[in-house]
Amino acid sequence: MFSAKWRLLKKELKGAMKSASKLADLSEHERRMVADIRMATSQANLNNVTRTQAYFAFFKKNPEIHWALLAHLVSRNAGWNMTDLKGEYLPKLLTSKEQSDFFIFLERGNWLIFQDAYPQLLLYEKSRQCGRPLFQLLDALNISKFMRPFWERFWINGGSEELTEALIINEQHYIERRVVHNHQYMETVMDKILFKFQDSLNFNHILFPYNTSVQQKTKIIGGTVHHFSAVDERVFLGRSLYELLFSVNSRLEEIIQWASEHPHSGSRKDFWPQLFNDIDETAPGRVHEMAESPCKRQHKGPKIYSPPLRLAWEDWAHKEAEPGDWFKHVGVLHLMKRKVNQLSGDIEPIYCKTIEEVEMATTAKHTFSRHEKSAPN
């Protein structure tokens with residue numbers, strides 16, 4: 001049975017779905033506003049670093065929009081995954097084309113979500129400046145009809161959690177056909193051994209770093225994407241990460257403080273300089289020795305190479321986002337109603353195990369290649 005809240009929300013979403021766009025009725029002032037939002041979005045959407053910092057700058061001015069902080073931290077992880085492709089290990093395991101294909105896959109998703117979500121954030125900011133809601137302009141910005149009722153409800157009741165969950169649902173559905181199940185990326189990434197290899201090693205970790213006020217050391221919490229191709233699973237993970245992020249106020253403040261003090265560069269040195277460096281310390285043709293677990297090897301020998309994004313990849317020129325609204329049925333509300341699994345957040349040992357497994361795979365491939373070269377014809 002729907003509670004009164006869910007019955008009302010269902011009715012509002014049905015109304016939004018049936019509403020007709022009236023772009024021709026925009027005033028000159030509204031048209032300029034839409035143009036300004038599009039321009040600001042384009043300028044901040046150059047690469048993972050610019051969009052990641054834009055999310056955080058917005059959150060600092062509008063802390064009631066919880067999603068902006070979550071997006072900032074998840075986008076940091078996307079950047080780390082991009083630079084991993086040019087870091088210590090993956091160039092030894094993947095061909096240049098595989099590295100490039102995977103980068104384009106990650107970059108396209110990161111770019112698409114920003115160009116859909118950031119205009120919504122800016123429109124909210126302009127609404128605050130005007131002192132009245134401007135969410136009728138969401139249609140002009142090509143935002144899904146799913147989002148208008150949630151922004152209007154938020155304007156009235158300030159329900160940060162409901163709005164965050166709606167944005168998580170919207171953005172994951174927005175990239176579902178445009179990236180995850182796009183024919184191009186399924187051929188080059190999703191269906192390849194490459195992606196199955198990454199997933200089998202649990203390389204899809206989302207890390208939230210912070211400095212503890214007592215120990216003065218960097219710690220990480222987070223979760224892992226186990227079934228990236230399933231939109232429901234991505235939504236539920238997003239909701240679980242949101243609950244984890246905002247579950248402990250003192251830790252939340254430490255995460256925000258860490259983000260303020262460590263501008264995003266794309267290098268994992270940002271959060272773990274004891275283990276990673278943005279300068280390659282490993283001699284050419286060599287690999288790290290497996291004397292002990294990588295995370296226990298801190299301060300000993302060469303650090304793991306993790307370049308900044310600007311050195312790893314050039315800015316990518318994107319084609320326009322594919323048109324169309326994913327929202328076709330109010331049944332999607334089940335993704336908001338269902339209780340999600342609570343994450344323990346204890347990601348550090350899992351992440352360290354992942355580094356160890358990738359290092360072992362790199363060492364094994366290096367050893368095999370060396371023996372193959374030295375074998376007599």
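Bear in mind the structure is a predicted one, so any value in this text is a computation, not a measurement. For the single chain, residues carry numbers from 1 onward in sequence order.
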> Under a 3.5 Å threshold, yes or no: a donor from one side chain and an acceptor from the other, between T224 and H205?
yes
> Could you tell me whether a side-chain N or O of N77 sits under 3.5 Å from a main-chain N or O of L207, the two making a donor and an acceptor?
yes
> Are K219 and E348 close enough for a salt bridge, meaning some N to O gap below 4.0 Å?
no
> Are any of the side-chain nitrogens in E165 or R239 under 4.0 Å away from the carboxylate oxygens of its partner?
yes
> For F102 and F105, take the angle between the two ring planes, folded into 0 to 90°, and tell me which bin it lands in: parallel under 30, tilted 30 to 60, perpendicular over 60.
tilted
> Hey, does the Lys NZ or Arg CZ of R178 hover above the aromatic six-ring of Y174, less than 6.0 Å from the centre and inside 45° of the axis?
yes
> Cationic tip of R338 within the cone over F236's six-membered ring, i.e. under 6.0 Å and within 45° of the normal?
yes
> Test ring-ring contact (aromatic ring centres under 6.0 Å, His included) on Y242 and F246; report intermediate values, then the result.
CA-CA 6 Å; Y242 170 56; F246 281 83; 5.2 Å; yes
> Is there a side-chain contact between E171 and Q120 in this structure, where contact means two heavy atoms from C-beta onward sitting under 4.5 Å apart?
yes
> Is atom CD1 of I279 surrounded by more than 12 heavy atoms (other residues, nucleotides or ligands) closer than 6.0 Å?
no
> Taking the side chain as everything from C-beta on, heavy atoms only, tell me whether Q53 gets closer than 4.5 Å to R76.
yes
> Show the nearest heavy-atom pair for residues S144 and N170, with the distance to one decimal.
CB-OD1, 3.4 Å
> Could you tell me whether D139 and K145 make a salt bridge, using a distance below 4.0 angstrom between a side-chain N and a carboxylate O?
yes
> Is the W272 ring parallel, tilted or perpendicular to the F276 ring (thresholds 30°, 60°)?
tilted
> Would a distance-only check, ignoring hydrogens and angles, find a side-chain to backbone donor-acceptor pair under 3.5 Å from S100 to K97?
no
> Do the non-hydrogen side-chain atoms of W67 and L121 ever get within less than 4.5 Å of each other?
yes
> Any side-chain heavy atom of F114 sitting closer than 4.5 Å to one from L112?
no
> Give a yes or no answer on whether the side chain of D84 reaches the backbone of G87 with a donor-acceptor pair at less than 3.5 Å.
no
> Quick one: does any side-chain atom of W313 pair with a main-chain N or O of M82 as donor and acceptor, under 3.5 Å?
yes
> Can you see whether E359 engages Y89 through a side-chain donor-acceptor pair at a distance of less than 3.5 angstrom?
yes
> Using a distance-only test with no angle check, is there a side-chain donor-acceptor pair under 3.5 angstrom linking R128 and N62?
yes
> Is there a donor-acceptor contact under 3.5 Å from the side chain of S127 to the main chain of P133?
no
> Looking only at side chains, do E107 and H318 share a donor and an acceptor under 3.5 Å apart?
yes
> Taking 4.0 angstrom as the limit, do R234 and E176 come out as a salt bridge?
yes
> Inspect the surroundings of CD in E261 and state if more than 12 heavy atoms from other residues, nucleotides or ligands are less than 6.0 Å away.
yes
> Quick one: do the Y124 and Q129 side chains pair a donor with an acceptor below 3.5 Å?
no
> Decide, yes or no, whether a salt bridge links E162 with K5 under the criterion of side-chain N to carboxylate O below 4.0 Å.
yes
> Do R38 and V34 have side-chain heavy atoms sitting under 4.5 Å apart?
yes
> For atom NE2 of H334, is the number of surrounding heavy atoms from other residues, nucleotides or ligands below 6.0 Å larger than 12?
yes
> Is a side-chain donor-acceptor pair under 3.5 Å present for S240 with N341?
no
